[in-house]
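Here's the structure, in C-alpha cells; my notes come after.
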Amino acid sequence: MAERVSDGELLRRVGDGDGGAFETLYRRYSRPVFGLALRRLGDRGRAEEAVQETFASVWRSARTYKPERGPGAPWLYAVARNAIVDGARARPEPVASAPEEVAKDPEPAERAEQSWLAWRVHRALEELPPQERTVLELAYWRGLSQSEIANRLRIPLGTVKTRTRSGLHRLADLLEGEFS
C-alpha cells in the first residue's frame, strides 16, 4: 500500500525519521536518479556515489521540504541534480577503462515507459515561457549554477532564481500525476 502514498507525504514522513517511507522513496527514485547521474557523469561508480549522496541528503534534509511549494518529485530531483553537479565538480574526469560487465539493455516495456516519460517531460518544457525554459535547460541539462546562468544571460541572480522557481512550479503542474 505504501506505493500509493504521494512523494510529498513520503518526504514528510522521512523528515519525521520514518525509515519505511525512506525505503519507498529509494525504491521509487533510485533507478531514475542513477540514470540521470550516469548520463551526466559518464561513469558508473561516480553515478552510484551521486545516488548515495542524493539519498543521504534526502534523509538529512527532508524536513526542509515544503509541500506548498510543489510536489515531492521536483524537490527530490533538485537534490539529485545538486549531488550530480557536486560529483562532476569534485573529481576530474576518470581515465577511460573497459566496463566490468556488459550493460543489460532495458526490457521493451521499460524502454517504452522511459521514452514516453522523456517525451512527456520535453513536451511540458516546450509549454513553458521561453525565459523559464531557458533557465531550466541551462541548469538541468548544462549543469550551470544559478550564478553562472545569470552571467551567461546577463540578468540579475534574483531574476534567475525567480524564473527557476516559477518554471519548476509550472513544470510540476504540467506533469502532475505523471511520475507517482
Side-chain angles (χ1 to χ4, degrees), residues 6-8 10-12 14-15 22 25-26 28-43 45-94 117-176 178-180:
S6 74
D7 299 331
L10 288 171
L11 285 168
R12 186 194 64 73
V14 170
F22 179 78
L25 269 179
Y26 184 84
R28 197 176 282 181
Y29 287 102
S30 62
R31 288 180 66 194
V33 168
F34 176 76
L36 182 65
L38 187 58
R39 282 190 300 278
R40 175 71 173 95
L41 299 171
D43 175 76
R46 290 171 66 195
E48 289 170 353
E49 288 174 15
V51 170
Q52 182 177 1
E53 182 54 37
T54 295
F55 285 95
S57 293
V58 166
W59 180 257
R60 286 190 306 267
S61 62
R63 286 188 169 178
T64 66
Y65 167 69
K66 304 283 186 236
E68 62 274 7
R69 290 183 151 183
W75 184 89
L76 191 139
Y77 279 116
V79 172
R81 179 203 167 270
N82 291 338
I84 293 165
V85 169
D86 289 348
R89 289 181 181 154
R91 290 192 192 163
E93 290 297 315
L117 291 175
W119 173 83
R120 188 63 194 101
V121 169
H122 286 285
R123 182 84 190 270
L125 278 168
E126 290 172 4
E127 295 179 36
L128 295 178
Q131 304 93 339
E132 292 173 4
R133 182 175 57 244
T134 299
V135 168
L136 292 178
E137 287 173 343
L138 289 171
Y140 288 90
W141 305 132
R142 298 273 172 101
L144 298 182
S145 69
Q146 290 182 325
S147 297
E148 292 167 332
I149 294 168
N151 289 335
R152 178 177 268 193
L153 298 178
R154 295 187 170 103
I155 59 176
L157 179 59
T159 302
V160 172
K161 290 180 178 193
T162 298
R163 289 179 183 175
T164 300
R165 186 172 42 257
S166 175
L168 287 173
H169 282 297
R170 285 183 212 269
L171 199 56
D173 289 343
L174 290 166
L175 296 171
E176 189 172 338
E178 297 283 336
F179 298 100
S180 43

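FYI, side chains are in, hydrogens and waters are out, and symmetry mates aren't considered; it's all heavy atoms of this structure.
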What heavy-atom pair brings [X] and [Y] nearest, and what distance separates the two atoms?
{"X": "Arg28", "Y": "Ser6", "answer": "NH1-C, 4.0 Å"}
{"X": "Tyr140", "Y": "Ala78", "answer": "OH-CB, 4.0 Å"}
{"X": "Gly167", "Y": "Leu136", "answer": "C-CD1, 3.7 Å"}
{"X": "Gly70", "Y": "His169", "answer": "N-CE1, 4.1 Å"}
{"X": "Thr54", "Y": "Val79", "answer": "O-CG1, 3.6 Å"}
{"X": "Ala124", "Y": "Leu174", "answer": "O-CD1, 3.5 Å"}

Would you be so kind as to tabulate the donor-acceptor pairs closer than 3.5 Å made by side chains of residues 150-160, with sequence neighbours excluded?
residue : atom : partner : partner atom : Å
Asn151  : ND2  : Ser147  : O            : 3.4

Nearest 0.5 Å please: distance from the [atom1] atom of [X] over to the [atom2] atom of [Y].
{"X": "Arg63", "Y": "Leu11", "atom1": "CZ", "atom2": "CG", "value": "13.0 Å"}
{"X": "Asp43", "Y": "Glu48", "atom1": "CG", "atom2": "CD", "value": "8.5 Å"}
{"X": "Leu10", "Y": "Tyr65", "atom1": "CG", "atom2": "OH", "value": "10.0 Å"}
{"X": "Gln146", "Y": "Leu138", "atom1": "CD", "atom2": "CG", "value": "11.5 Å"}
{"X": "Thr164", "Y": "Leu171", "atom1": "OG1", "atom2": "CG", "value": "12.0 Å"}
{"X": "Trp59", "Y": "Leu25", "atom1": "CH2", "atom2": "CG", "value": "10.5 Å"}

Val58 side chain reached by Tyr26 side chain, heavy atoms, under 4.5 Å |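 Tyr26 vs Val58: side chains apart.
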Under 4.0 Å between a Lys/Arg side-chain N and an Asp/Glu carboxylate O for Arg46 and Glu53?
->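 Glu53 and Arg46: not salt-bridged.
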*asked:* Ser166 vs Arg163, test: side chain to side chain donor-acceptor pair (under 3.5 Å). Steps then yes/no.
replied: CA-CA 5 Å; Ser166 175; Arg163 289 179 183 175; over 6 Å; no
Notebook entry, point to check: Any donor and acceptor pair, going by atom type alone, linking the side chain of Arg40 with main-chain N or O of Val85 inside 3.5 Å?
Noted result: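 Judged by distance alone, no pair lies under 3.5 Å.
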Main chain of Pro129, side chain of Arg170: is a donor-acceptor contact present, judged purely on distance under 3.5 Å?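 Judged by distance alone, no pair lies under 3.5 Å.
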Practice problem: With side-chain contact (heavy atoms from CB on, under 4.5 Å) as the test, would you mind laying out the steps for Thr64 and Trp75 before giving the verdict? | Solution: CA-CA 10 Å; Thr64 66; Trp75 184 89; 3.6 Å; yes
**Message:** Looking at Glu127, I want to see if its CD is surrounded by more than 12 non-hydrogen atoms of other residues, nucleotides or ligands under 6.0 Å.
**Reply:**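 Buried by this count: over 12 neighbours within 6.0 Å.
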Residues, nucleotides or ligands: over 12 heavy atoms within 6.0 Å of Phe34 CZ: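 It does: Phe34 CZ has more than 12 such atoms within range.
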TODO: Report the C-alpha distance between Arg81 and Ile84 in whole Å, list the side-chain angles of each, state the deciding distance to 0.1 Å, and finish with yes or no for side-chain contact (heavy atoms from CB on, under 4.5 Å).
DONE: CA-CA 5 Å; Arg81 179 203 167 270; Ile84 293 165; 5.7 Å; no
